[in-house]
Amino acid sequence: MQTAPSSRQDMDSIPVIDISPFIHQTAGSDAVVEAIEAACRETGFFLITGHGVSTEATAQLYNLARDFFDEPQDWKKQQGRGTSLKGGVAFSPIADEALSATLGIKTPGDYKESLNFGPRLPGDVWPTVPQGLQAAFSAYFAEMETLAGHLRRAFCRAIGLAPDYFEPAFADHLSALRVINYPEQQESPLPGQLRAGVHTDYGFMTILRSEASPGGLQVRRRDGEWLDAPNVEGAYVVNIADAFMRWTNDEWLSTPHRVANPPGHFKGTTRRQSIPFFVNPSKETLIECLPPFAAKAPAKYTPITYGDYIALKTSQAFSKS
């Protein structure tokens, strides 16, 4: 698929942006920033190509995670369930999580399973099968840290901040890497059950490596219609998350999204695997209206640390009232 150096964008599509001119500071760098800024205001979602992420590191993580998910369910359920090891692994079995609950919507558990890792997050000892899984997570995590740095600098230019404005907030960041397996659906899902229920992400931004398959990522437009995210070979989906929207005084959008079930009539394989990287600042980071946005309108929110913000979001999402 051909994409322009800057973007392909309208109200009925998610733009595809080649960010290589910005990374290498060549001709077209300003157009990249303009396209990103427009996408953050209009949809909160965009795809990026020209990102420079290692295809080898991506394939290694993808393949080893798939090998793990192919292991028997009874064995998998014994893995990654503890929280005593910082930088350990966490495993979430099928239907263990219902993302719609974060928006106060009650549904059956999502039809997916996942492996989760963050160097500063609690987890359990890594499984011995398959060999190399921990190294693959760490190598890919490093690739994502580099890409996230490029995107933060692009955001800074789009907003009118110093290029390194956000970097102190990410010195001890709480980012998380997850590999999600959406298995074949051998039987009809329960009423209201999706592969991933409608939700928004809590942190700064998410960088998603996905793949083409029936039953994929959908983004809710402002008019309430659901838009299928395009599949572009080698591209990443980027979306603004809640804390960043708050930083921008709600001018940039954290948009609800979900992963749909495959169509019931489809006869081929519907298995799907995605790799989201959740970019989160440190616990002590103060989330307050950024100066360029505060200059245009009064701040909507009082300043709050990221740690307190996450606690607040969780209490709101799971409130019994």
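For the single chain, residues carry numbers from 1 onward in sequence order.
- Hydrophobic clustering, with ILVMFWY side chains joined whenever heavy atoms are under 4.5 angstrom apart, groups Trp75 together with Leu64.
- Contact detail for Ala27 and Pro21: the closest heavy-atom pair is O-CB, 3.6 Å.
- Atom NZ of Lys106 is surrounded by 12 or fewer heavy atoms from other residues, nucleotides or ligands within 6.0 Å.
- For Asp74, the CG atom sits in a loose shell: 12 or fewer heavy atoms of surrounding residues, nucleotides or ligands are nearer than 6.0 Å.
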Tyr165 and Ile159: CA distance, side-chain angles, deciding distance, side chain to side chain contact (heavy atoms under 4.5 Å, CB included) verdict: CA-CA 11 Å; Tyr165 182 92; Ile159 295 170; over 6 Å; no

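- For Gln131, the CD atom sits in a loose shell: 12 or fewer heavy atoms of surrounding residues, nucleotides or ligands are nearer than 6.0 Å.
- Under the 4.5 Å side-chain heavy-atom criterion for grouping Ile, Leu, Val, Met, Phe, Trp and Tyr, Phe244 is not connected to Phe278 through any hydrophobic cluster.
- Closest heavy-atom contact between Gly88 and Phe117: O-CD1, 3.8 Å.
- Put simply, the side chain of Thr206 never gets that close to the backbone of Asn239: no donor and acceptor are under 3.5 Å apart.
- Between the side chain of Arg81 and the main chain of Phe91, a donor-acceptor pair closer than 3.5 Å is present.
- In this structure a side-chain-to-backbone donor-acceptor pair under 3.5 Å is missing from Asp228 to Gly216.
- Here ring-ring contact (aromatic ring centres under 6.0 Å, His included) pairs that include residues 14-46, with residues two or more places apart or in two chains, are Phe45-His257.
- Side-chain contact annotation: Arg178 with Ser92, donor-acceptor N/O pair under 3.5 Å absent.
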Pair Trp126-Gln79, side chain to side chain contact (heavy atoms under 4.5 Å, CB included): steps then yes or no: CA-CA 8 Å; Trp126 289 80; Gln79 309 302 312; over 6 Å; no

Asp30 and Arg157: CA distance, side-chain angles, deciding distance, side chain to side chain contact (heavy atoms under 4.5 Å, CB included) verdict: CA-CA 9 Å; Asp30 289 343; Arg157 190 192 294 186; 3.0 Å; yes

Glu113/Phe68 under side chain to side chain contact (heavy atoms under 4.5 Å, CB included): CA gap, chis, key distance, verdict: CA-CA 11 Å; Glu113 57 185 345; Phe68 174 88; 6.0 Å; no

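- The shortest heavy-atom contact between Pro292 and Gly160 is CG-O, 4.3 Å.
- Exactly one of Arg41, Arg246, Lys300 qualifies for a salt bridge (Lys or Arg N to Asp or Glu O under 4.0 Å) with Glu251. That residue is Arg41.
- A donor-acceptor pair under 3.5 Å is formed between the side chain of Asp223 and the backbone N or O of Glu225.
- In summary, the aromatic rings of Trp247 and Phe166 are positioned with their centroids under 6.0 Å apart.
- Of the possible polar contacts, none joining the Asp110 side chain to the Lys112 backbone as a donor-acceptor pair under 3.5 Å is found.
- A side-chain donor-acceptor contact under 3.5 Å links Thr248 to the backbone of Met245.
- With 3.5 Å as the limit, one finds a donor-acceptor pair spanning the side chains of Thr285 and Ser282.
- When the ring-ring contact (aromatic ring centres under 6.0 Å, His included) test is applied to Phe69, no partner is found at least two apart in sequence or on another chain.
- Hydrophobic clustering, with ILVMFWY side chains joined whenever heavy atoms are under 4.5 angstrom apart, keeps Leu190 apart from Tyr182.
- A centroid separation of 6.0 Å or more is found between the aromatic rings of Tyr309 and Tyr202.
- Contact detail for Leu151 and Met205: the closest heavy-atom pair is CB-CE, 3.7 Å.
- The environment of Gln25 atom CD is dense: over 12 non-hydrogen atoms of other residues, nucleotides or ligands sit within 6.0 angstrom.
- By the criterion of side-chain heavy atoms lying less than 4.5 angstrom apart, applied directly or through intervening Ile, Leu, Val, Met, Phe, Trp or Tyr residues, Ile275 is grouped together with Leu147 in one hydrophobic cluster.
- Side-chain contact between Thr305 and Glu284 is absent, with no heavy-atom pair separated by less than 4.5 Å.
- Contact detail for Pro189 and Asn261: the closest heavy-atom pair is CG-ND2, 3.5 Å.
- A continuous path of hydrophobic side-chain contacts links Met144 to Leu115 [ILVMFWY only; heavy atoms under 4.5 Å].
- Using modelled atom types, one side-chain atom of Glu143 and one backbone atom of Ser54 make a donor-acceptor pair closer than 3.5 Å.
- Scanning all heavy atoms of the two residues, the minimum distance from Thr255 to Arg220 falls at CG2-O, 3.1 Å.
- At distances below 3.5 Å, not a single donor-acceptor pair connects side-chain atoms of Asp124 with backbone N or O atoms of Leu85.
- Ring centers of Phe204 and Phe170: under 6.0 Å apart, within the cut-off.
- Salt-bridge check for Asp172 with Lys283: failed, with every basic side-chain N at 4.0 Å or more from each acidic carboxylate O.
- Within the 3.5 Å criterion, the main-chain N or O of Arg120 finds no donor-acceptor partner in the side chain of His173.
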